[in-house]
2 protein chains.
Amino acid sequence: MAVTIKDVAKVAGVAPSTVSRVIADHPRISPATKKKVKKAMKEMGYHPNASARSLANRSSQSIGVVMPSSADKSLQNPFFPEVLRGLSSVAHQTDYSLVLCTGETDKEMLEGVERMVYSNRTDGIILLYSQVDDPIVNFLLAQDFPFSIVGKPSDRVDEITHVDNDNVRAGKEITKHLIDLGHECIAFIGGSMDRVVTMDRMRGYQLALEEAGLPYLEEYRVHTEFLKSGGQRAVEELLSLPEPPTGLVVVDDLMSIGVMNMLEECGKRVPEDVSLVSFNNVYLSELTRPPLTTVDINIYDLGVQAAKGLIAKVKDKSEPAKRIIVPFDIVHRSSAKEKEATSPSP
Amino acid sequence: MAVTIKDVAKVAGVAPSTVSRVIADHPRISPATKKKVKKAMKEMGYHPNASARSLANRSSQSIGVVMPSSADKSLQNPFFPEVLRGLSSVAHQTDYSLVLCTGETDKEMLEGVERMVYSNRTDGIILLYSQVDDPIVNFLLAQDFPFSIVGKPSDRVDEITHVDNDNVRAGKEITKHLIDLGHECIAFIGGSMDRVVTMDRMRGYQLALEEAGLPYLEEYRVHTEFLKSGGQRAVEELLSLPEPPTGLVVVDDLMSIGVMNMLEECGKRVPEDVSLVSFNNVYLSELTRPPLTTVDINIYDLGVQAAKGLIAKVKDKSEPAKRIIVPFDIVHRSSAKEKEATSPSP
DNA sequence: ATGAAAGCGCTAACAT
DNA sequence: ATGTTAGCGCTTTCAT
């Protein structure tokens with residue numbers, strides 16, 4: 001049996017409640033007893049029992065983290081470890097625990113979340129993805145349970161605390177970069193259409209095109225999974241167009257790897273034949289050949305802010321929903337270059 | 001206030017203990033009351049409170065997961081999400097929660113683990129890495145706290161439940177593959193020397209060399225971080241040797257990407273000029289150019305087995321320490337090929 | 001500033 | 001098979 005608050009009280013010659021007050025750093029406690037109690041705690045190797053605290057407190061000091069379903073291969077994206085780092089960092093500072101929740105299927109995921117909230121296991125929840133019409137979001141909303149999203153909610157945007165980049169602007173600027181480089185046929189390769197992030201970046205792509213007076217063509221937009229076969233089809237479709245693109249905006253660095261792979265297999269060199277830009281700046285993007293010009297979305301910060309935002313909300317339920325925008329910057333490497341002068345048309 | 005066991009008891013017209021028994025699926029309980037109670041629970045939307053259970057039970061139904069320090073860039077290795085998937089899967093089945101523990105520094109990590117075990121927040125812990133003389137392992141051992149390791153402990157191997165591949169054999173077989181392909185100058189590129197996995201795979205490399213009567217040369221072994229600069233130096237060193245290797249055994253797929261990158265920059269083509277093989281078979285290894293011949297270590301299974309092993313130990317402390325070996329297999333892709341006939345020496 | 005005591009919601013003897 | 005009851009370890013009024 002571990003040492004309890006009573007044992008400490010006995011040794012220190014005070015009441016259990018006094019020990020409790022010392023733990024909580026209660027103001028009205030004399031420096032003398034405080035010292036006495038702390039000494040006893042140290043000597044006896046006392047450590048508070050989390051469950052007992054939670055029970056008495058009705059607060060678990062832990063927050064749930066929901067990753068996308070692992071059916072989704074995107075789980076393997078280094079994006080996640082990186083957000084986790086950010087979350088972890090503030091969790092550590094604020095003495096919160098992180099409780100993980102994944103699942104093979106959407107059903108499993110929802111079950112996991114329900115379990116967490118019903119059982120009072122967590123004080124709040126962070127969603128590491130955002131998709132349209134998410135049952136988990138609906139559940140959390142219905143329960144009036146504190147949560148925040150990394151990304152942009154598909155709906156009820158200003159009822160939900162979330163931290164995001166300005167993905168529309170990011171999409172616009174990175175596309176504009178290609179345009180400034182002289183490209184006029186620019187395609188967009190994105191993931192699933194119901195991921196909000198895809199939509200936002202595509203919207204930016206559209207805006208840049210329009211601003212430059214370039215057409216926004218249906219056949220230049222491909223949506224696919226990032227895995228090999230997906231990237232493959234995307235590239236084949238694009239290259240078989242009568243006027244194949246010379247610039248590519250790819251929604252994710254990982255996807256870019258697959259795309260570049262295919263491009264090479266089709267005999268196209270990056271950036272000589274086609275320029276490619278993408279998003280996220282995971283560490284991999286400097287290991288590729290060529291290293292990627294990409295939007296650094298500051299993943300770590302997204303995590304930090306999401307955790308801070310949630311904890312604020314947990315501590316004070318009346319805290320209003322916030323939208324936190326993490327700045328991005330474009331990292332110029334060598335996957336994009338000036339469009340080569342086209343051979344003069346006949 | 002949420003509905004409690006007492007409320008349910010009242011409505012169902014039974015004692016709280018009966019309700020508790022129904023929850024625990026106690027054998028000695030009549031089907032009639034069982035049904036009655038379940039009905040009441042459902043109607044009232046009852047859900048057990050986890051903290052209360054933990055407190056009364058002295059068991060938290062959750063297991064801690066320790067990732068490597070995030071200072072270590074290896075955290076971004078897709079290896080981790082993949083083990084997590086495995087852990088998650090059995091956690092879900094067995095109704096355990098996963099509590100995450102990372103940290104920027106080794107000190108933070110240890111603090112996190114201490115917090116977990118002292119506060120009774122977890123019933124057991126899984127370590128997702130293994131290095132020599134790990135303070136966390138020492139702490140856990142000293143506390144006699146249930147834990148298991150994904151990988152091989154550096155020490156006290158048969159006191160510690162762990163799940164691992166036979167990395168020596170894997171190293172040997174993959175090296176032998178290169179030898180069978182006609183390579184005679186084969187180098188080894190590994191990560192930090194105090195990661196057990198590196199040492200094992202290198203040992204296998206050595207064995208294969210010796211068995212084939214090939215020399216085991218100091219200058220053919222390079223240890224480095226997998227990040228760009230590391231891979232760069234490794235490759236430069238190797239290529240500047242009087243007899244540069246034509247075969248490379250690289251300890252991790254991710255590292256291979258950096259290595260191939262450098263190789264290309266140095267004007268060496270894979271596999272025409274140098275063959276490369278590596279380990280892990282993360283999904284990325286089929287997206288690279290060329291796709292990697294690599295050892296599939298079945299990461300997901302490692303996770304599954306680690307969780308199962310730990311839970312067995314948690315449920316019955318007298319359970320002996322187990323060593324669980326997950327089979328590997330070699331996935332042949334195109335980063336390794338037969339050694340080209342060398343130009344006849346003068 | 002500190003102590004006494006009543007819970008927090010659940011489980012586990014011990015009764016019956 | 002089910003009810004009674006005493007905790008599990010901590011917090012928090014309410015006294016003093």
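Chain letters run A, B, ... following the sequence lines, proteins first, then strands; residues in each count from 1. Given the structure is predicted, the values throughout are model-derived calculations rather than measurements.
- In this structure, the CG atom of A/Asn120 is 9 Å from the P atom of C/dG9, given to the nearest Å.
- When the nucleotides C/dA1, C/dG9, D/dT4 are ranked by their closest atom to the side chain of B/Asn49, C/dG9 comes out on top.
- Put simply, B/Thr33 has a side-chain N or O that comes within less than 4.0 Å of OP1 or OP2 on D/dT2.
- Considering only the side chain of B/Ser17, D/dT4 comes nearest among C/dA4, D/dT4, C/dG9.
- Other residues, nucleotides and ligands place no more than 12 heavy atoms under 6.0 Å from the CZ atom of A/Arg156.
- Residue A/Thr18 places no side-chain atom within donor-acceptor reach of the base of C/dA1, judged by atom type and a 3.5 Å distance cut-off alone.
- Between B/Arg58 atom CZ and C/dA12 atom P the separation is 10 Å, expressed in whole Å.
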(message) Using ring-ring contact (aromatic ring centres under 6.0 Å, His included), reason through A/Tyr118 and A/Phe139 one step at a time and then give a plain yes or no.
(response) CA-CA 11 Å; A/Tyr118 284 142; A/Phe139 170 74; 5.6 Å; yes

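- No more than 12 heavy atoms of other residues, nucleotides or ligands sit less than 6.0 Å from atom NZ of B/Lys42.
- A heavy atom lying under 4.0 Å from DNA chain D marks the following residues of residues 19-28 of chain B, by number: B/Arg21, B/Arg28.
- A/Arg85 is listed as a side-chain neighbour of B/Leu75, based on a closest heavy-atom distance under 4.5 Å.
- An end-to-end axis angle of 30° holds for the helix from C/dA1-D/dT16 to C/dT16-D/dA1, taken from five base pairs per end and rounded to 10°.
- In the set D/dC10, D/dT11, C/dC10, D/dT11 carries the atom at the smallest distance from any side-chain atom of A/Asn57.
- A salt bridge links A/Lys39 and A/Glu43; the closest N-O separation between the charged side-chain nitrogens and carboxylate oxygens is under 4.0 Å.
- We find that A/Asp144 and A/Lys317 are joined by a salt bridge, their nearest charged nitrogen and carboxylate oxygen being less than 4.0 Å apart.
- Taking the six-membered ring wherever Trp is involved, the centroid distance between the rings of A/Phe80 and A/Tyr129 does not fall below 6.0 Å.
- In this structure, A/Ile5 atom CD1 and C/dT2 atom C1' are separated by 14 Å, rounded to whole Å.
- With distances taken from any side-chain atom of B/Ala15 to the nucleotides D/dT11, D/dT4, C/dT11, the minimum falls on D/dT4.
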